[in-house]
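Reading through the structure tokens given below for one structure.
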Protein chains: 2
Amino acid sequence: MTKMNCVSRKKKRLSAEQRYERLLKAATGEFLEKGYAATNLDDIISRAGGSRRSIYTHFGGKEGLFQALVTQVATQILAPVRQEPDKNKNLKESLLCFANRLVAALLSPPALDLSRLALIDGVRFPELAKAYFEAGPGAAASSLAVLFDLAMERGEIVHLDSRLAARLFVGMLRDNLYLQVLLRLREPPEQEEREELVSNAVEIFLNGITRQE
Amino acid sequence: MTKMNCVSRKKKRLSAEQRYERLLKAATGEFLEKGYAATNLDDIISRAGGSRRSIYTHFGGKEGLFQALVTQVATQILAPVRQEPDKNKNLKESLLCFANRLVAALLSPPALDLSRLALIDGVRFPELAKAYFEAGPGAAASSLAVLFDLAMERGEIVHLDSRLAARLFVGMLRDNLYLQVLLRLREPPEQEEREELVSNAVEIFLNGITRQE
DNA sequence: TTGACTTGGTACTGAAGAATACCATAATCG
DNA sequence: CGATTATGGTATTCTTCAGTACCAAGTCAA
């Protein structure tokens, strides 16, 4: 009833592509918010407009719809997580910058929703779990490992397993505060608190791996 | 039909308490394995014996059953996580010991199941999320903070926010490897790999906070 | 303009599962 | 031993929701 102008009662129809996009967008919102099982198609319909049929013609069903967006959304939402560290700065500045961006990205509402989705529905859709990890924490750790390798070559830090160190550092940023936010036990921290976390983490970690003369 | 001996067809009945316990135990298994929504009462019944009615008389329904076990199970499963660190050893030994136990506890199958449960159903049952955090990662960080305070008094480590440091260290142990296991992307690591994680984490972190003379 | 095709909206079907009703029987007590 | 109560087992109801069928109304092409 939303789109008819009162007299002529035209029910506007969208093109296949427009409908496809609107469905995908609505579904993304619903699935991210509530997870696969708790989302019902009617809610998606009412957000996207159109009819039940369109879901089946375009995606083949609930599962098809979910899978169509999973990988795409995962890589998209986690794009900020994957930003390459700046190799020109010195290690401390690179680390600080990298960590700040990573923490902000991980604590952003869409990324939090996606993390929950991956944990909740990763059992039913293993590709989701895989896509999430590889597009997010995995990619972040890989970039970081490169940074550590460089610093090692320059003799700034001690010799160590760079991939292991990267894993640990990324984990450290995903600390108990992050866990509390993920569990909805508290609100995401503001800039100030995020920076306190990051500066302390970088301070300790960097001090821990810096070569002592 | 399981419990009758062929001739006299005696259907053994259990006392209220025994039935209560068996239901609780069966429900724990099912809920931990599959989460709240995916668990159905029939499966619990068939594991525990008895009838649907007994669930309603004892617990009032599915929700009642779930809530009856949630807090109890959380504190029980996470008991190993909460072991007090040994304050007589030096800091490095204490940390190593603490971290080894924590990692082993967090990566144990029941704790992994519980973590998933808290993340999945923490939305519907906030007490679960709260109980999980406080009985697990929160408690671990608290113990650790005490250890850091002691070391600070003894001048072994630099002056820092012990609670923040504890948060970070616990997070570091919950690294990408842990995340992969949680997402079921890989099997829990064996002793050897766990020790590699722990020794590196302790090495870096301790080095990062040790007072330099 | 008209007929073929597509899409929107609604109604129906079937399955899953929670909650409830009912009956027969075991346990308990007078 | 018989009456009362509680429990086990089964059948039934009710709700939710994915998937499908169908009709009407819009769109497009000849």
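Each chain gets a letter, A, B and so on, in the order the sequences are listed, and its residues count up from 1. Small disclaimer: the values here were computed from a predicted structure and weren't measured.
- In summary, Glu21(A) and Lys25(A) do not engage in a salt bridge, as defined by a charged side-chain N under 4.0 Å from a carboxylate O.
- Arg52(B) has a carboxylate O that lies under 4.0 Å from a charged side-chain N of Asp42(B), or vice versa, which qualifies the two as a salt bridge.
- Of the inter-residue distances, the one linking His58(A) atom NE2 with Arg19(A) atom CZ reads 7.5 Å to the nearest 0.5 angstrom.
- Here the P atom of nucleotide dA19(C) and the CD1 atom of Ile44(B) are 11 Å apart, to the nearest Å.
- Applying the ring pair (Phe, Tyr, Trp, His ring centres under 6.0 Å) test to residues at least two apart or on different chains, the pairs with a partner in residues 169-194 of chain B are Phe169(B)-Phe205(B).
- Following rounding to the nearest Å, Arg53(B) (CZ) and dA24(C) (C1') show an atom-to-atom distance of 13 Å.
- Shown for residues 23-31 of chain A: no residue has heavy atoms falling under 4.0 angstrom of DNA chain C.
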Footprint string (nucleotides 14-19 of chain D, 5' to 3'): B base within contact, S backbone only, - free, heavy atoms under 4.0 Å: ---SBB
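- With a 6.0 Å radius and a threshold of 12 heavy atoms from other residues, nucleotides or ligands, Lys130(A) has its NZ atom at or below the threshold.
- Here the C1' atom of nucleotide dA18(C) and the CZ atom of Phe66(B) are 16 Å apart, to the nearest Å.
- Spacing between atom CD1 of Ile45(B) and atom P of dG8(D) amounts to 9 Å, rounded to whole angstrom units.
- Spacing between atom CD1 of Ile55(B) and atom P of dG9(D) amounts to 13 Å, rounded to whole angstrom units.
- Arg101(A) CZ: more than 12 foreign heavy atoms inside a 6.0 Å radius.
- Although no hydrogens or angles enter the test, the distance criterion places no donor-acceptor pair under 3.5 Å between the side chain of Arg184(B) and the main chain of Ala129(A).
- Here the options are Asp43(B), Asp113(B), Thr39(B), the test is side chain to side chain donor-acceptor pair (under 3.5 Å), and the partner is Lys34(B); only Asp43(B) passes.
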